[in-house]
Amino acid sequence: MTQLPYFQQFIPDTEAMCAFGAKLVNALEQTETSKATVFYLNGDLGAGKTTLSRGIIQALGHQGNVKSPTYTLVEEYHLTTKTVYHFDLYRLSDPEELEFMGIRDYFTTPCLCLIEWSEKGKGLLNPADLIIEIHYQDNARNIILTPQSEIGEQIIAKLV
Ligand code: ADP
Ligand code: MG
């Protein structure tokens, strides 16, 4: 599979980041999935990974706050159409913690897993369907999507 970015989008502000989350949800909802869908959200601190996650989780019907799972490692949202597990592994000191929390079980249902700082859980996480990179561009951001599976490709195809 090609590693070239298939999709790129300029994100001028926070609202546009949330709106892009809604667009991803729309594409995801048109895609048949029978297992967990996994998005890795990559980007420096403050790039907007949690902001995009908030856009996604709220577009799936969650009302109210989306807390950063920095201290809890995972926050879960049981929504009408999907369960979302939102991970932030930034503070993970020992990958064994993931074993303790039963990380494999999170990937066994047809849920959506959003994973910030996935590199900290290398080898213990399911591979991504879609890698979402967020790059700073002055005060704005640039998003690059790279599919890692057929599901990822189908989602991107529905965005364009
Ligand atoms: P991360 O989870 O990547 O560390 P956050 O989403 O927690 O980042 O924080 C991003 C911060 O940057 C928020 O305060 C958000 O309002 C701000 N911001 C400014 N411009 C943008 C933009 N274009 N896209 C996303 N966030 C932005
Ligand atoms: Mg974050």
Heavy-atom check, side chain of [X] versus side chain of [Y], under 4.5 Å:
X    : Y    : result
N126 : K35  : no
T37  : I155 : yes
V84  : L79  : yes
L159 : L145 : yes
Y106 : R104 : no
I132 : L24  : yes
K122 : K120 : no
S68  : D88  : yes

Would you find a donor on one side and an acceptor on the other, under 3.5 Å apart, between the side chain of [X] and the backbone of [Y]?
X    : Y    : result
D13  : A16  : yes
Y136 : G46  : yes
S149 : G152 : yes
S118 : I115 : no
Q58  : G64  : yes
K49  : G43  : yes
D94  : E96  : yes

Query - Ring center gap for Y85 and Y77 short of 6.0 angstrom - result: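 No, they do not, as the ring centres are separated by 6.0 Å or more.
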
Query raised in the report: Parallel, tilted or perpendicular: which describes the rings of Y90 and W117, with under 30° parallel and over 60° perpendicular?
Result: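 Aromatic pair Y90/W117 classed tilted.
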
Please report the shortest heavy-atom distance between [X] and [Y], naming the atom on each side.
X    : Y    : answer
I103 : L124 : CG2-O, 3.9 Å
D129 : A36  : OD2-O, 3.7 Å
A59  : A22  : CB-CA, 3.6 Å
E116 : S53  : OE2-OG, 3.9 Å
A47  : R141 : O-NE, 2.6 Å
L60  : T81  : CD2-OG1, 3.7 Å

**Report entry** Donor + acceptor pair across side chains of T33, T31 (<3.5 Å)
**Finding:**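 No pair is found: no donor N or O on one side chain lies under 3.5 Å from an acceptor on the other.
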
Query raised in the report: Do you see a donor-acceptor pair shorter than 3.5 Å between the side chains of H135 and E133?
Result: yes

Requested in this report: Let me see the working for L130 and E153 under side chain to side chain contact (heavy atoms under 4.5 Å, CB included), right down to the final yes or no.
Outcome: CA-CA 8 Å; L130 196 61; E153 286 187 346; over 6 Å; no

Drop me the distance from [X]'s [atom1] to [Y]'s [atom2], to the nearest 0.5 angstrom.
X    : Y    : atom1 : atom2 : value
L73  : L98  : CG    : CG    : 7.0 Å
C113 : H86  : SG    : NE2   : 11.0 Å
L52  : T14  : CG    : OG1   : 11.5 Å
L114 : I57  : CG    : CD1   : 5.5 Å
F107 : L125 : CZ    : CG    : 5.0 Å
Y40  : F87  : OH    : CZ    : 10.5 Å

Under 4.5 Å between side-chain heavy atoms, counting indirect links through other Ile/Leu/Val/Met/Phe/Trp/Tyr residues: same cluster for [X] and [Y] or not?
X    : Y    : value
V25  : I131 : no
L89  : V66  : no
I156 : V38  : no

Requested in this report: Please indicate whether Y71 has more than 12 foreign heavy atoms, meaning atoms of other residues, nucleotides or ligands, lying under 6.0 Å from its OH.
Outcome: no

Report task. Assess whether atom CD of E32 is packed by more than 12 heavy atoms of other residues, nucleotides or ligands within 6.0 Å. Result ->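 Count not over threshold, so no.
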
Report task. Report the C-alpha distance between H78 and E76 in whole Å, list the side-chain angles of each, state the deciding distance to 0.1 Å, and finish with yes or no for side chain to side chain contact (heavy atoms under 4.5 Å, CB included). Result -> CA-CA 7 Å; H78 300 281; E76 44 187 276; 2.7 Å; yes

Query raised in the report: Would M17 and I134 count as a side chain to side chain contact (heavy atoms under 4.5 Å, CB included) if you check the C-alpha gap in whole Å, the side-chain angles of each, and the deciding distance to 0.1 Å?
Result: CA-CA 10 Å; M17 186 61 95; I134 308 172; 3.7 Å; yes

Query raised in the report: Could E29 and K82 be called an ion pair, given the rule that one side-chain N must be under 4.0 Å from one carboxylate O?
Result: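 Between K82 and E29 there is no salt bridge, as every charged N stays at least 4.0 Å from the carboxylate O atoms.
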
